[in-house]
Amino acid sequence: MFPDRANGSLLTRDGVVVGSEFIGQNFTRPEYFQPRPSAAGTGYDGLASGGTNLGPLNPKLVEQVERSAADYRKRNGLAPDATVPIDAVTASGSGLDPHISLANAQIQVPRVARVRGLSEEAVRGLVADHTQGPQLGFMGSARVSVLDLNLALDRAAPLPRR
């Protein structure tokens, strides 16, 4: 009934499978939108799906979030005390979440636009085009598929092959 979903909802670029609609990937290069952190194995490992199981008062979690927030601020040119979206510094329950919040994507726009040589307006348009509403129209908040958005960036402003 749903052949795409039964086959893993795979996404392709130039006929080559590059990922799944449902499993995040670890984009680290500055010319790409970056996902929320993953606690699944060594990162986005579908065989090791799971969260950190660290409680909100666990010193290890607090240290990890503080370090991630500082890195996020630096990477995106934010002030040291700038507010950071929670999904930029914490893993989802599965550790495989392919989406980021709209707020997280919007903060990353200036960095991606600068590195790609695109206008912020053009990149904001791509973000808008790849923003999905709440699940089933009422659960959760708007979200952005990182892989879909990054594939659209590659189409809009192809990068030289590395």
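Just so you know, these numbers come straight off a predicted model, no measurement behind them.
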Atom OG1 in Thr131, atom CZ in Arg143: separation rounded to 0.5 Å?
10.0 Å

Under a single-linkage definition using a 4.5 Å side-chain heavy-atom cutoff for Ile, Leu, Val, Met, Phe, Trp and Tyr, are Tyr72 and Phe27 assigned to the same hydrophobic cluster?
no

Please confirm whether the backbone N or O of Ile100 pairs with a side-chain atom of Asp87, one donor and one acceptor, at under 3.5 Å?
no

Minimum heavy-atom distance Ser101-Val144, with the two atoms named:
O-CG2, 4.4 Å

As an exercise, state the distance from CG of Leu147 to CD of Gln25, rounded to the nearest 0.5 Å.
5.0 Å

Check the hydrophobic clustering (I, L, V, M, F, W, Y; side-chain heavy atoms under 4.5 Å; chains of links allowed) and say if Val84 and Leu54 are grouped together.
yes

Return the CG to CD distance between Leu61 and Glu66, rounded to the nearest 0.5 Å.
9.5 Å

Linked, directly or transitively: Leu151 and Val109 (ILVMFWY side chains, under 4.5 Å):
yes

Between Val62 and Pro56, the two heavy atoms sitting closest are CG2-O, 3.9 Å

Check against side-chain contact (heavy atoms from CB on, under 4.5 Å), Leu153 and Arg116:
CA-CA 8 Å; Leu153 274 169; Arg116 288 277 182 157; 3.9 Å; yes

If only atom types and distance count, is the side chain of Asn76 paired as donor or acceptor with the main-chain N or O of Leu78 below 3.5 Å?
no

Check: Gln108/Arg111 side-chain N/O donor and acceptor closer than 3.5 Å:
yes

Nearest-0.5 Å distance, OG of residue Ser141 to CD of residue Gln132:
13.0 Å

Side-chain heavy-atom pair Pro110, Glu120 within 4.5 angstrom cut-off:
yes

Which atom names give the shortest non-hydrogen contact between Ala156 and Leu126, and what distance separates them?
CB-CD1, 4.1 Å

Is there a donor-acceptor pair under 3.5 Å between the side chain of Arg73 and the backbone N or O of Ala82?
yes

For Ala157 and Leu118, the nearest pair of non-hydrogen atoms, with its separation, is CB-CD1, 3.8 Å

Please round to the nearest 0.5 Å and tell me the distance separating atom NE2 of His99 and atom CZ of Arg36.
11.5 Å

Same apolar cluster: Ile107 and Val65, side chain cutoff 4.5 Å:
yes

Check Val112, Asp154, Val146 against Tyr32 for a side chain to side chain contact (heavy atoms under 4.5 Å, CB included) and give me the one that passes.
Asp154

